[in-house]
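A short write-up of the structure that comes next.
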Amino acid sequence: MDDRETASLVEFLAGVRRVVALTGAGISAESGVPTFRGKDGLWRQYRAESLATPEAFARDPALVWEWYDWRRGLIAPVGPNPGHAVLAAWEDRFEDFAVITQNVDGLHRKAGTKNLLELHGNIWRARCTREGTVREILTTPLPEVPPLCPDCGALLRPDIVWFGESLDPDVLDRAFALSAGCEALFVIGTSSVVQPAASLPAAAARGGAKVIEVNLEPTPLTPHADHFFPGPAGQVLPLLDRRLRERTGGGRRGSGQSNGKGRSS
Ligand code: BV8
């Protein structure tokens, strides 16, 4: 990490209150959860369009459930990594901190993050296709595939947003409001191609926020980011956090030195 760049970012962060982190599959990679497009990306084995869509589920619900239960089996034994832990700790570091995630693995909540928006749902929840009731199902492997609603016997579906499906409008509105109102937006471990999530950094930049990207490699967002930290999130975030604690002596910050918006006057 470029030391001067880190120092100037830490100096800036020492004076801000409202910070948001947008995360993707990359923040869970060091926990052992496969990413979508990385070399162990799920898409290589299974074409997303063939499984993560309402059409695929209508065509063959058992196949789609087998795929999700396979992913649940991968996620169940793993835990959050230092990247998740830093973001959980930043809820106490910054006056107003939130995590917006594209991940359905539930690891941010497991790390202790409370102020969390799950844009694309959660793999540990299922929804009744007739009544719409949502329930948590933690057992994996699933006792029956496809699982049926214990109340009405109808098919259950993963409580996940599939391609071609709209996100929960309330969750989406809050994600855009948080992004547009923050002073700093961290964009961590995402390929920044899936919409509408990939439009959140632009909303933050329009609101005057600094956009800080952490990724193993450049993405379509990199040319537009104020800072790009190349490396694994589970190493870059603890380093940034340590520098911030050294600068601020550990306590909660946000003495309002900056003009309340990302770019100091
Ligand atoms: C919608 C749940 C209304 C499922 C997911 C505009 C233009 C073009 C297309 C569209 C558009 N608007 C809508 C679309 C269609 C589509 C879309 O965006 N398609 C893409 C492919 C172009 N969007 C939708 O369908 C959305 N719905 O818009 O509805 C509508 C509908 C149709 C048309 C118009 C409007 C719904 C999108 C949500 C779909 N559901 N997930 C499931 O999980 O099974 S998306 C899924 O893919 C993930 O949730 C995530 O969002 C995305 C994967 O992206 P990443 O998380 O970034 O993961 P990826 O593997 O790609 O990248 C990992 C990155 O991490 C890499 O950069 C890698 O370098 C880095 N990395 C790896 N290790 C580390 C690391 N970084 C740091 N540290 C490490 N250790």
Side-chain angles (χ1 to χ4, degrees), residues 1-2 5-6 8-9 12-13 19-49 52 80-84 86-87 90 98-105 107-108 113 116-121 160-164 167 171-172 175-176 178-180 182-241 262-263:
M1 273 166 47
D2 168 314
E5 179 161 10
T6 308
S8 79
L9 176 61
F12 167 74
L13 291 173
V19 177
V20 172
L22 171 64
T23 67
I27 198 166
S28 294
E30 291 152 88
S31 293
V33 180
T35 63
F36 282 80
R37 286 180 179 73
K39 54 190 169 315
D40 61 354
L42 282 167
W43 302 140
R44 300 270 159 73
Q45 289 108 328
Y46 309 94
R47 272 167 6 86
E49 296 71 19
N81 64 62
H84 297 105
V86 165
L87 297 185
W90 282 2
V99 172
I100 302 171
T101 190
Q102 300 167 74
N103 302 343
V104 298
D105 57 32
L107 291 180
H108 281 298
T113 288
L116 176 67
L117 285 180
E118 294 177 312
L119 291 178
H120 298 158
I160 281 183
V161 180
W162 284 327
F163 287 92
L167 281 60
V171 170
L172 193 56
F176 272 95
L178 277 172
S179 302
C182 71
E183 297 165 277
L185 176 74
F186 283 85
V187 183
I188 305 161
T190 180
S191 53
S192 291
V193 292
V194 171
Q195 296 293 351
S199 299
L200 293 169
R206 275 196 302 279
K210 265 192 196 311
V211 174
I212 303 119
E213 186 180 26
V214 177
N215 197 303
L216 289 180
E217 59 195 24
T219 71
L221 173 68
T222 308
H224 313 288
D226 298 285
H227 294 278
F228 174 66
F229 289 97
Q235 292 171 29
V236 170
L237 293 174
L239 258 168
L240 269 178
D241 183 55
R263 292 193 173 71

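FYI, the numbering just counts along the sequence from 1.
Residues His227 and Ser8 have side chains in contact (heavy-atom distance under 4.5 Å, counting atoms from C-beta outward). With contacts defined as side-chain heavy-atom distances shorter than 4.5 Å, the pair Phe186/Val20 does not qualify. The side-chain heavy atoms of Leu107 and Ser31, taken from C-beta on, include a pair separated by under 4.5 Å. Annotation: side chain of Asp226 is not in contact with side chain of Phe12 (no heavy-atom distance under 4.5 Å). Using a 4.5 Å heavy-atom threshold, the side chains of Thr6 and Phe229 count as touching. A heavy-atom distance below 4.5 Å is found between the side chains of Leu216 and Pro232. Between His120 and Leu167 the shortest side-chain heavy-atom distance falls below 4.5 Å.
Rounding to the nearest 0.5 Å places CG of Asp105 at 5.5 Å from NE2 of His84. Within the model, atoms CG of Leu22 and OG1 of Thr101 stand 7.5 Å from one another, a figure rounded to the nearest 0.5 Å. Interatomic distance, Ile100 CD1 to Thr190 OG1, rounded to the nearest 0.5 Å: 12.0 Å.
In terms of modelled atom types and a separation under 3.5 Å, the side chain of His224 and the main chain of Leu221 share no donor-acceptor contact. With hydrogens and angles ignored, the 3.5 Å screen pairs no side-chain donor or acceptor of Glu213 with any backbone N or O of Ala225. Formation of a donor-acceptor pair under 3.5 Å by the Asn103 side chain with backbone atoms of Ala25 is found in this model.
A donor-acceptor contact closer than 3.5 angstrom is absent between the side chains of His108 and Ser28.
Nearest heavy atoms, Val171 versus Leu117: O-CD1, 3.9 Å.
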